[in-house]
Engineer: 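First the structure, then my questions, so here it is.
For this chain, numbers begin at 1 and follow the sequence in order.
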Amino acid sequence: MNRLAAAAALIGFLGVALGAFGAHALDARLTAQGTEWWHTATLYVLPHAGAALAIGLSVRAGLIRTGGWLMVVGAVIFAGTLYAMALGAPRWFGAITPIGGVSLLAGWALTALGSLRRSD
């Protein structure tokens, strides 16, 4: 069972679905700030889902796989807090958002480090 690939695919699915939902169903309901948060969340979640999916399908263990998981967790936290604030969650959720961003950065850093260490 490839949990990383499944989680990444789910995040990708949700990113597309929520992006479309925001563009069509919420277009008239969101504030300008809410629309900006929604777009930013979608912008960040989709490429990280794709990167984590590629990692999940190609790597079995090690730093690269850990990097993929950090991308999934980071995408959920980063985009999730922005989506929540766009829908009216308290602004203090914004204090959680950088945790997701740091997780995304750490995911890319571990992926780079693991790639440099791989010999195959």
Engineer: If you take all heavy atoms of Leu104 and Met71, which pair is closest and at what distance?
Structural biologist: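 Here Leu104 and Met71 meet closest at CD2-O, 3.4 Å.
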
Engineer: When the ring centroid of Tyr83 is compared with that of Trp37, is the distance short of 6.0 Å?
Structural biologist: no

Engineer: If we ignore hydrogens and angles and just use 3.5 Å, is the side chain of Asp27 paired with the main-chain N or O of Gly22 as donor and acceptor?
Structural biologist: no

Engineer: To the closest 0.5 Å, what do you measure between OG1 (Thr81) and CZ (Arg91)?
Structural biologist: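 One gets 12.0 Å once the value is rounded to the nearest 0.5 Å.
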
Engineer: How long is the span from the OG atom in Ser58 to the CG atom in Leu53, to the nearest 0.5 Å?
Structural biologist: 9.0 Å

Engineer: Same cluster for Leu82 and Leu105 if Ile/Leu/Val/Met/Phe/Trp/Tyr side chains link at under 4.5 Å?
Structural biologist: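 No, Leu82 does not connect to Leu105 through the hydrophobic network.
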
Engineer: For residues Ala52 and Gly68, report the shortest heavy-atom separation together with the two atoms involved.
Structural biologist: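 Minimum heavy-atom contact is CB-O, 3.6 Å.
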
Engineer: If every non-hydrogen atom of Leu4 is compared with every non-hydrogen atom of Val72, which pair is closest and at what distance?
Structural biologist: CD1-CG2, 3.8 Å

Engineer: How far apart are the closest heavy atoms of Gly94 and Pro98, and which atoms are they?
Structural biologist: O-CD, 3.1 Å

Engineer: Is any side-chain heavy atom of Glu36 less than 4.5 Å from a side-chain heavy atom of Leu30?
Structural biologist: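 Heavy-atom side-chain distance check fails, nothing below 4.5 Å.
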
Engineer: With rounding to the nearest 0.5 angstrom, report the OG1 to CZ distance, Thr35 to Arg29.
Structural biologist: 12.5 Å

Engineer: Search all heavy atoms of Trp38 against all heavy atoms of Leu18 and return the closest pair with its distance.
Structural biologist: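 Minimum heavy-atom separation between Trp38 and Leu18: NE1-O, 2.7 Å.
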
Engineer: Given 3.5 Å as the limit, does a donor-acceptor pair link the side chain of Ser103 with the main chain of Leu70, or not?
Structural biologist: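 Yes, because the side chain of Ser103 sits within donor-acceptor range (under 3.5 Å) of the backbone of Leu70.
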
Engineer: To the closest 0.5 Å, what do you measure between CG (Leu63) and CD1 (Ile55)?
Structural biologist: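 Spacing of CG (Leu63) from CD1 (Ile55) equals 11.0 Å.
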
Engineer: Is there a side-chain contact between Val45 and Phe78 in this structure, where contact means two heavy atoms from C-beta onward sitting under 4.5 Å apart?
Structural biologist: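 Side chain of Val45 against side chain of Phe78, heavy atoms only: no contact under 4.5 Å found.
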
Engineer: Measure the shortest side-chain to side-chain distance between Ile96 and Ile77 over non-hydrogen atoms and say whether it is less than 4.5 angstrom.
Structural biologist: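 In short, these two side chains touch, coming nearer than 4.5 Å.
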
Engineer: How many angstroms lie between CH2 in Trp69 and CG in Leu110, if you round to the nearest 0.5 Å?
Structural biologist: 14.5 Å

Engineer: As an exercise, state the distance from CG of Leu14 to OG1 of Thr42, rounded to the nearest 0.5 Å.
Structural biologist: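 Separation between the atoms: 10.5 Å.
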
Engineer: Tell me whether Trp108 shares a hydrophobic cluster with Val102, the cluster being built from Ile, Leu, Val, Met, Phe, Trp, Tyr side chains joined at under 4.5 Å.
Structural biologist: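 Cluster IDs for Trp108 and Val102 differ.
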
Engineer: Please name the pair of heavy atoms, one in Thr111 and one in Ile64, separated by the smallest distance, quoted to 0.1 Å.
Structural biologist: O-CG1, 3.8 Å

